[in-house]
Peer 1: 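One structure follows; several queries about it will come next.
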Number of protein chains: 2
Amino acid sequence: MKVKSNRLVDRAEPAKIPLYQKMKDDLVQRVLSGEWRPGELVPSETALANEYSVSVGTARKAIEQLAQERMVVRQRGRGTTIATNRGGSTKPFRFLKFFSRDHIRTEESIYLEIMPGKATAQEAKSFGIEAGAPVARMVRLRAANKMPMLIERAAIREDLCPKASQLITLHRPVSISSFLDRMFNILIMRIDEKICAALADEEDIKHLGAAAGDPVLAVERLSYDLAGRLIQISQLHVAKEAYYATSTK
Amino acid sequence: MKVKSNRLVDRAEPAKIPLYQKMKDDLVQRVLSGEWRPGELVPSETALANEYSVSVGTARKAIEQLAQERMVVRQRGRGTTIATNRGGSTKPFRFLKFFSRDHIRTEESIYLEIMPGKATAQEAKSFGIEAGAPVARMVRLRAANKMPMLIERAAIREDLCPKASQLITLHRPVSISSFLDRMFNILIMRIDEKICAALADEEDIKHLGAAAGDPVLAVERLSYDLAGRLIQISQLHVAKEAYYATSTK
DNA sequence: GAGTGGTCTAGACCACAAT
DNA sequence: TTGTGGTCTAGACCACTCC
């Protein structure tokens, strides 16, 4: 980032941000503030254009960018709605890009352990909260087509998801992202993953049917919400029969 | 590619395809035909709008979509150019999303083996060519910051890249994608990857410093060009110290 | 200074969903 | 029938690159 006396520019001029950009940023804020709930219709293009005193074309550009980022969904004749992770219609393993030889028809979550806990120093740093702050911890076995595919160890921050451990114990949701959406209006929008190779540990041997010395995929996943806040940290161990699929553009 | 009596559709109805879509498709064809070479300036918005008898806004939309798909690069005040993979300025491991603790400053390719070969039945099927058709085969060790990170076994179809094995023997390029661009005007635009866990084989032990029984990442990569043709099939073995990073949106 | 892409406007007509 | 988003037009001014 080259800065050529930015302060002067900032003070003297309003920094020359395009109208559609400013409008888009403001719309994001309004979504985050909860003014519109997930699944709800937002005002039409023309209404928003009037409200922001811009032309319809400019408003379109702002809204189209939000649609491209999957923050809203546009439907001709109906209107524009806030995106949602709810609804059983979303395909299983929406965010999980692994697959096996067969198509995945069913998804199952078997919870091995759920308990409230306190953030470790490292977790606190990642989450941006204080060490010792409450988190929900869980271990679950995830299966596709009745076959155990991976074991997940997860921590969810309870400052944004109060009583998450109790609620998860109660509902034992198959999909955490859909659960977070329903319970806390938190939309998981981006997931970063780091993948490396490891050897099967005792739990992999016990639950994934791995043998001692078998290789497994070890995945660390960081799940972020609309606002870019880190919500969940997971470690996955994926059975060696399963693949991860990615695409680079 | 599904074809539902395209001729009939074309004759009977104009199929209601938006103008900007038709224009974009045609521009793609012109790029693929080699009318404009990678790095070359294409006509301006207004020139293209005139040529296609559409308004500038419509032409913009077509060109903007090509830019979004990274097929062209737009620069204000300069013009629009066909994308390129050449040039040392692109960061190392452009398509390879793995990383180590340190930043990657240098990239190296040590070729262990390069030889012409014939496509196996499976390769032929993937490439969409005849079994026994010529391919270039190679094994290379790729290193970052002087540390060996992975071993790659690759096959490149020689029907589209004639004499690839000789040329690679001659130039031993660090980046294959940049090499394909320079030599054959083939732009790698998309790479699909399947990742699974495996145990280090003899070559991993010999060249990656792995021990027997160590886990490694086994990655299968399929590289496609602008036209969506499969150009290269690779198997990577990534040392266990390295990570793969992905992001899901 | 000439030409480029980036932003913005103010209209028009259409396909579609809801009622 | 009403209102929505999708397409398309024909202008305008600006920031920028290149000569």
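Each chain gets a letter, A, B and so on, in the order the sequences are listed, and its residues count up from 1. Values below: every heavy atom of this structure, side chains too, minus hydrogens, waters and symmetry copies. All values reported here derive from a predicted model rather than from experimental measurement.
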Peer 1: Can you check the A:Q65 CD to D:dG5 P distance for me, whole Å?
Peer 2: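 In whole Å, D:dG5 P lies 17 Å from A:Q65 CD.
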Peer 1: Looking at residues at least two apart in the chain, or sitting in another chain, which of them share a side chain to side chain contact (heavy atoms under 4.5 Å, CB included) with B:A164?
Peer 2: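 Partners of B:A164 under the side chain to side chain contact (heavy atoms under 4.5 Å, CB included) test: B:A136, B:E158, B:C161, B:F184.
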Peer 1: Could I get the full list of side chain to side chain contact (heavy atoms under 4.5 Å, CB included) partners for A:D159, not counting sequence neighbours?
Peer 2: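 With neighbours one apart ignored, the set is A:I129, A:R157.
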Peer 1: Below 4.0 angstrom, which residues in residues 74-82 of chain B have at least one non-hydrogen atom near DNA chain D?
Peer 2: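 Contacting residues: B:R76, B:G77, B:R78.
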Peer 1: I'd like to check the salt bridge (Lys or Arg N to Asp or Glu O under 4.0 Å) partners of A:E152; sequence neighbours left out, ordered by chain and number.
Peer 2: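 Result, salt bridge (Lys or Arg N to Asp or Glu O under 4.0 Å) vs A:E152: A:R140, A:R142.
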Peer 1: With sequence neighbours excluded, tell me which residues meet salt bridge (Lys or Arg N to Asp or Glu O under 4.0 Å) with B:K61.
Peer 2: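 For B:K61, no residue satisfies salt bridge (Lys or Arg N to Asp or Glu O under 4.0 Å) once neighbours in sequence are set aside.
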Peer 1: What is the first contacted nucleotide of DNA chain C and what is the last, in 5' to 3' order, if contact means an atom lying under 4.0 angstrom from a heavy atom of chain A?
Peer 2: C:dT7 to C:dA18
Peer 1: List the residues meeting side chain to side chain contact (heavy atoms under 4.5 Å, CB included) with A:P43, not counting sequence neighbours, and say none if there are none.
Peer 2: A:W36, A:A47, A:L48
Peer 1: Taking any heavy-atom pair under 4.0 Å as a contact, classify B:I63: base, sugar-phosphate, or nothing.
Peer 2: nothing
Peer 1: Could you pull out all residues at least two apart from A:R172 that satisfy salt bridge (Lys or Arg N to Asp or Glu O under 4.0 Å)?
Peer 2: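 Partners of A:R172 by the salt bridge (Lys or Arg N to Asp or Glu O under 4.0 Å) criterion come out as none, since no residue qualifies.
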Peer 1: Apply salt bridge (Lys or Arg N to Asp or Glu O under 4.0 Å) to A:D192 and list each qualifying residue two or more places apart in sequence or on a separate chain.
Peer 2: A:R190
Peer 1: If you measure only the distance, is there a donor-acceptor pair under 3.5 Å linking the side chains of A:Q21 and A:D25?
Peer 2: yes
Peer 1: Listed in order of residue number, which residues of residues 35-58 of chain B have a non-hydrogen atom at under 4.0 Å from DNA chain D?
Peer 2: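 Close to the strand are B:V54, B:S55, B:T58.
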Peer 1: Under the side chain to side chain donor-acceptor pair (under 3.5 Å) rule, collect the residues that match up with A:R70, sequence neighbours excluded.
Peer 2: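 Per chain and number, A:R70 pairs via side chain to side chain donor-acceptor pair (under 3.5 Å) with no residue.
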Peer 1: Taking side chain to side chain contact (heavy atoms under 4.5 Å, CB included) as the definition, give me every residue that meets it alongside A:E35, ordered by chain and number, with sequence neighbours left out.
Peer 2: A:R30, A:S33
